[in-house]
Number of protein chains: 2
Amino acid sequence: MASSAPDGLTPRAREIVAAARAILEEDGLEALTMRRIAERLGIRAPSLYKHFPDKEALEAAIISAAFEEQAAVFERAVEEGDEPLAALGAAYRRFALAHPHLYRLMTDRELRRDLLAAGVEDRAGLTIYRAAGEDTDRARAAWAFAHGMAMLELTNRFPPGADIDAAWHEGIRAFRDG
Amino acid sequence: MASSAPDGLTPRAREIVAAARAILEEDGLEALTMRRIAERLGIRAPSLYKHFPDKEALEAAIISAAFEEQAAVFERAVEEGDEPLAALGAAYRRFALAHPHLYRLMTDRELRRDLLAAGVEDRAGLTIYRAAGEDTDRARAAWAFAHGMAMLELTNRFPPGADIDAAWHEGIRAFRDG
DNA sequence: GTCTATATCAAGATAGAC
DNA sequence: GTCTATCTTGATATAGAC
């Protein structure tokens, strides 16, 4: 009975994931401790281990849900925009800026794919592939461009006053025309 | 007398930086602790604080030196190659793959610019700017592409068997022609 | 420039009772 | 499903002697 849901989580486990994600988004990755998560739920840290075997499994649950969410956002953006690559680029940046800590958790380290829900990683990738004219190499290059732009903006690497919009446009243009 | 060298470091401080960098490159960022650094030098951790005010200052010294090194590599690559953007892309990837942990320390978080040696961050940027035909937006976009490619490869995000070379070529081509 | 001793803090995780 | 009590580990950093 514990895992008939699509995400394989019990209702209580889902509450824990929600609390964890809220802490992550509000205060960043270093704030994401078992104690903090428990505290937010009004319980003690050891109790969490009745629901997840360890912290990594809990993080994987956050990441799985976030991938689904991101893919849905991407799909909608392409549907509603006229130029797929431009629409996707804008949606990519918006997601990263709206959820900086979550975005870094999702992208900035090796993935424990064995702990993720199946197929969850590919869905967003497929949207990019299609927007890039179903050219694998171009899709990967465009993805790297978007990821690089997002990370450089999140880590504050562009010079103060840099026109980040213009750099995005230039990149999108290059991958559309080039 | 302590800071007449170009990097502002005493000889002993430079030895400490070298030990720290070796640990970083061999075992990664979590291994970079004051205890480990001291151990490698045959001393105790508290002694390090006679040479650096805190760990952040020591990290900044590693980063400053690495930026200089990277800039020199980039400059040489452009000089020796015929196509600047391609030469620079290849050098960029080579540097990141040869020094994965160092590269991440340099790029993957906010920079404490106040602790870095002056101008050290701009030198590599200038090389990219020139290779991109002195177009600021294109230079930033190409930089983001390179950074994204490097990070996705380092974090193992491309599917197994993905032709990463081909994706690099596609991106370089787009920024050259597009 | 190095030492010992120590302060301070906080993390993930387990055992076993209720 | 939650609790208390605890283990184990390890980090940065300071004080003060030599």
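Quick note on labels: first sequence line is chain A, next is B, and so on, each numbered from 1. Everything quoted here is computed from the prediction, not taken from an experiment.
- Between B:Arg12 and C:dT2 there is a side-chain N or O to OP1 or OP2 distance below 4.0 Å.
- The number of heavy atoms from other shown groups lying within 6.0 Å of CZ (B:Arg76) does not exceed 12.
- B:Leu48 has its CG atom 13 Å from the C1' atom of C:dC3, to the nearest Å.
- Between B:Glu25 and B:Arg21 there is a salt bridge, since a side-chain N of the basic residue sits under 4.0 Å from a carboxylate O of the acidic one.
- One finds the CZ atom of B:Phe74 at 11.0 Å from the CD atom of B:Glu69 (value rounded to the nearest 0.5 Å).
- For B:Ala45 and A:Pro46, each mapped to the nucleotide of DNA chain D holding its nearest heavy atom, the one lying further toward the 5' end belongs to A:Pro46.
- Around CZ of B:Arg130, the count of heavy atoms belonging to other residues, nucleotides or ligands within 6.0 Å does not exceed 12.
- Contacts between residues 21-35 of chain A and DNA chain D, counted as heavy-atom distances below 4.0 Å, involve no residue at all.
- Distance CG/B:Leu115 to CZ/B:Arg113: 12.0 Å, rounded to 0.5 Å.
- A salt bridge is defined here as a Lys NZ or Arg NE, NH1 or NH2 lying under 4.0 Å from an Asp or Glu carboxylate O, and B:Glu83 with B:Arg176 meets this definition.
- Listed for the B:Ser64 side chain is a donor-acceptor partner under 3.5 Å among the backbone atoms of B:Ala117.
- Of the residues in residues 49-56 of chain A, those with a non-hydrogen atom less than 4.0 angstrom from any atom of DNA chain C are A:Tyr49, A:Asp54, A:Lys55.
- With respect to the salt-bridge test (charged N to carboxylate O, under 4.0 angstrom), the residues A:Glu110 and B:Arg157 do not qualify.
- When all heavy atoms are compared, the tightest approach of A:Arg138 to A:Phe175 is NH1-O, 2.7 Å.
- Between the CD1 atom of A:Ile37 and the P atom of C:dA13 there is a distance of 11 Å, rounded to whole Å.
- When rounded to the nearest whole Å, the span between CD of B:Glu39 and P of C:dC3 equals 12 Å.
- At its two ends the helix from C:dG1-D:dC18 to C:dC18-D:dG1 runs along axes set 0° apart, each axis drawn from five pairs and the angle rounded to 10°.
- Atom-to-atom, CZ of A:Arg44 to P of D:dA5 comes out at 10 Å; the value is rounded to the nearest Å.
- Minimum atom distance to the side chain of A:Ile43 is reached by D:dC3, of the listed D:dC3, C:dG1, C:dT4.
- The shortest distance between the side-chain N/O atoms of B:Ser47 and the OP1/OP2 oxygens of C:dC3 is below 4.0 Å.
- Taking the centre of each ring, A:Trp168 and A:Phe145 come in below the 6.0 Å mark.
- Around NE2 of B:His99, the count of heavy atoms belonging to other residues, nucleotides or ligands within 6.0 Å exceeds 12.
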